[in-house]
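What follows is a set of notes on a single structure, which appears directly below.
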Amino acid sequence: MAEITNRQFASIDWTDPQNPRSRIYNDIYFSSSGGEGETVHTFLNGNCLEERFRNLPCGSSFTIAETGFGTGSNLLILLERYLDLLRKKSISLIYITFEKYPLSPDDMIRAHTCHVSHAEVLPEFLQKYGNSDFSRNEIRFKLAEIVSLRILLGDISGSLGHFSLKYREQINAWFLDGYSPSCNPDLWTEELFEAMRITAAPDCTLATYTVSGAVRRGLAAAGFAVEKSPGYGRKKEMTRGRLKLQSDRSASE
Ligand SMILES: C[S@@+](CC[C@H](N)C(=O)[O-])C[C@H]1O[C@@H](n2cnc3c(N)ncnc32)[C@H](O)[C@@H]1O
């Protein structure tokens, strides 16, 4: 059983069980029609993960950071697709994610009874998530022995300092989720972009569905080269980026 805590869990409107909606942000977590395709297109392909996993030396590790864990769908869809490949190459995946309002264990189960994830790790994930102590600042557990999941609880602004110190130059890819900047500007801050710069490994990439000018300028000011690329479904465009190396910077000066 999960510990009883004063942590504020997400408040979810289940009127449409296929499209659970956050009452706090008045937006859906995922759409049961197309949600998986959107994750694959935007976050997995947007960061070229398959190609990068294939090119990694056996036995190495790869670290992903995400803003907004929600139902964990991005991680579960990633594992549905690539767990076998990661296993085959003995690659350790470290997945660090920020979440202000975690789903209660019951809501997490409910979200996945109507969701499309067939990830082999789903039962293990639900069991470990359900047994977590939400009074702590973070939840941390392993999945399938090679995935280290770390959910940093609370507003992201309270976690970025520690995160930047601990993961300096270690993040290989970012999934910038977390609702649109116009509805949730508190998440898309200069402090986040600065933390992304500090923690970026030389091959660090990012992907997000938003093409907000403020976000793109913030990422560019922090040292990322950003470009628009075709979005998923009805979304015309999305943003992809990568850390500019010193040589890129010198060339543009
Ligand atoms: C679009 S949902 C994430 C969807 C997730 N990928 C999924 O499949 O369920 C965005 C998440 O960001 C979290 N969030 C929003 N603002 C935040 C903040 N300032 N700090 C930490 N988490 C935040 C919300 O609580 C929500 O769970």
Side-chain angles (χ1 to χ4, degrees), residues 39-69 72-99 119 121 138 140-152 156 159-160 162-178 188 191-210 215-216 218-220 222-227 229 238-249:
T39 287
V40 172
H41 177 85
T42 307
F43 298 115
L44 309 191
N45 295 349
N47 282 294
C48 302
L49 289 189
E50 180 165 355
E51 184 189 339
R52 291 169 78 190
F53 290 156
R54 287 197 189 284
N55 289 336
L56 276 179
C58 290
S60 49
S61 70
F62 192 91
T63 305
I64 294 176
E66 173 190 55
T67 51
F69 186 62
S73 299
N74 290 334
L75 172 64
L76 290 164
I77 291 167
L78 183 160
L79 293 178
E80 193 179 316
R81 300 208 141 214
Y82 302 131
L83 184 60
D84 286 346
L85 175 60
L86 297 173
R87 274 193 181 126
K88 206 164 127 199
K89 299 194 68 177
S90 302
I91 294 169
S92 309
L93 180 71
I94 301 159
Y95 196 93
I96 305 150
T97 177
F98 299 88
E99 183 49 66
V121 297
E138 68 170 83
R140 170 204 283 254
F141 52 81
K142 281 210 156 207
L143 291 170
E145 291 177 15
I146 56 169
V147 182
S148 302
L149 171 63
R150 192 165 174 201
I151 309 174
L152 304 180
I156 191 170
S159 304
L160 287 175
H162 174 68
F163 169 79
S164 300
L165 285 175
K166 187 165 169 69
Y167 292 101
R168 187 170 281 268
E169 296 184 17
Q170 285 183 47
I171 306 299
N172 303 107
W174 275 92
F175 295 175
L176 294 175
D177 209 341
W188 304 84
E191 289 71 30
L192 169 62
F193 305 141
E194 180 60 10
M196 289 176 65
R197 182 188 64 76
I198 294 169
T199 56
D203 69 344
C204 183
T205 59
L206 64 92
T208 177
Y209 43 74
T210 184
V215 168
R216 296 161 57 78
L219 289 166
F224 290 88
V226 290
E227 61 174 23
S229 65
M238 60 173 269
T239 298
R240 299 171 65 180
R242 64 174 176 82
L243 183 69
K244 275 191 190 173
L245 298 176
Q246 192 56 48
S247 51
D248 300 330
R249 288 184 217 148

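Numbers here simply count residues along the sequence, with the first being 1. Source: prediction; values computed, not measured.
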Practice problem: Using the test ring-ring contact (aromatic ring centres under 6.0 Å, His included), find all partners of Phe224 that sit at least two apart in sequence or belong to another chain. | Solution: none

Practice problem: Would you please name every residue forming a ring-ring contact (aromatic ring centres under 6.0 Å, His included) with Phe163, sequence neighbours left out? | Solution: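 Phe98, Tyr167, Trp174.
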
Quiz item: Would Arg240 and Cys48 count as a side chain to side chain contact (heavy atoms under 4.5 Å, CB included) if you check the C-alpha gap in whole Å, the side-chain angles of each, and the deciding distance to 0.1 Å?
Solution: CA-CA 10 Å; Arg240 299 171 65 180; Cys48 302; 3.3 Å; yes

Taking the side chain as C-beta and beyond, is there a heavy-atom pair between [X] and [Y] under 4.5 Å?
{"X": "Leu78", "Y": "Leu93", "answer": "yes"}
{"X": "Ile77", "Y": "Phe43", "answer": "no"}
{"X": "Leu176", "Y": "Met196", "answer": "yes"}

Any residue meeting salt bridge (charged side-chain N to carboxylate O under 4.0 Å, His left out) with [X], in chain and number order, not counting sequence neighbours:
{"X": "Arg216", "value": "none"}
{"X": "Glu191", "value": "none"}
{"X": "Glu50", "value": "Arg54"}
{"X": "Glu138", "value": "Arg140, Arg150"}

Quiz item: Among Thr67, Asn74, Thr97, whose side chain to side chain donor-acceptor pair (under 3.5 Å) with Asp177 holds?
Solution: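 The residue from Thr67, Asn74, Thr97 that satisfies side chain to side chain donor-acceptor pair (under 3.5 Å) with Asp177 turns out to be Asn74.
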
Can you measure from [atom1] ([X]) to [atom2] ([Y]) and round to the nearest 0.5 angstrom?
{"X": "Ser229", "Y": "His41", "atom1": "OG", "atom2": "NE2", "result": "5.5 Å"}
{"X": "Ile146", "Y": "Ile94", "atom1": "CD1", "atom2": "CD1", "result": "11.5 Å"}
{"X": "Asn55", "Y": "Lys89", "atom1": "CG", "atom2": "NZ", "result": "6.5 Å"}
{"X": "Thr208", "Y": "Phe175", "atom1": "OG1", "atom2": "CZ", "result": "11.5 Å"}
{"X": "Leu149", "Y": "Lys142", "atom1": "CG", "atom2": "NZ", "result": "11.5 Å"}
{"X": "Leu75", "Y": "Glu66", "atom1": "CG", "atom2": "CD", "result": "7.5 Å"}

Quiz item: Do side-chain atoms of Arg87 reach the backbone of Ala144 as a donor and acceptor pair under 3.5 angstrom?
Solution: no

Quiz item: Are the side chain of Ser61 and the backbone N or O of Ser92 linked by a donor-acceptor pair below 3.5 Å?
Solution: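 Absent.
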
Nearest heavy atoms of [X] and [Y], plus distance in Å:
{"X": "Thr42", "Y": "Ala207", "answer": "O-CB, 3.2 Å"}
{"X": "Ala173", "Y": "Arg52", "answer": "CB-NH1, 4.0 Å"}
{"X": "Ala222", "Y": "Glu194", "answer": "CB-N, 4.5 Å"}
{"X": "Pro202", "Y": "Leu245", "answer": "O-CD2, 3.6 Å"}
{"X": "Leu243", "Y": "Ala201", "answer": "CD2-O, 3.7 Å"}
{"X": "Arg81", "Y": "Leu44", "answer": "CD-CD1, 4.0 Å"}

Quiz prompt | Matching residue for Phe62 among Tyr95, Tyr82, Phe53 - test: ring-ring contact (aromatic ring centres under 6.0 Å, His included) | solution =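 Looking at Tyr95, Tyr82, Phe53, the match for Phe62 under the ring-ring contact (aromatic ring centres under 6.0 Å, His included) is Phe53.
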
Practice problem: Could you walk me through whether Val121 and Val147 pass side chain to side chain contact (heavy atoms under 4.5 Å, CB included), step by step? | Solution: CA-CA 10 Å; Val121 297; Val147 182; over 6 Å; no

Practice problem: Check the pair Ile64 / Leu49 against side chain to side chain contact (heavy atoms under 4.5 Å, CB included), numbers first and verdict last. | Solution: CA-CA 10 Å; Ile64 294 176; Leu49 289 189; 4.0 Å; yes

Exercise. List the steps, then state whether side chain to side chain contact (heavy atoms under 4.5 Å, CB included) holds for Ile96 with Ile171.
Key: CA-CA 9 Å; Ile96 305 150; Ile171 306 299; 4.0 Å; yes

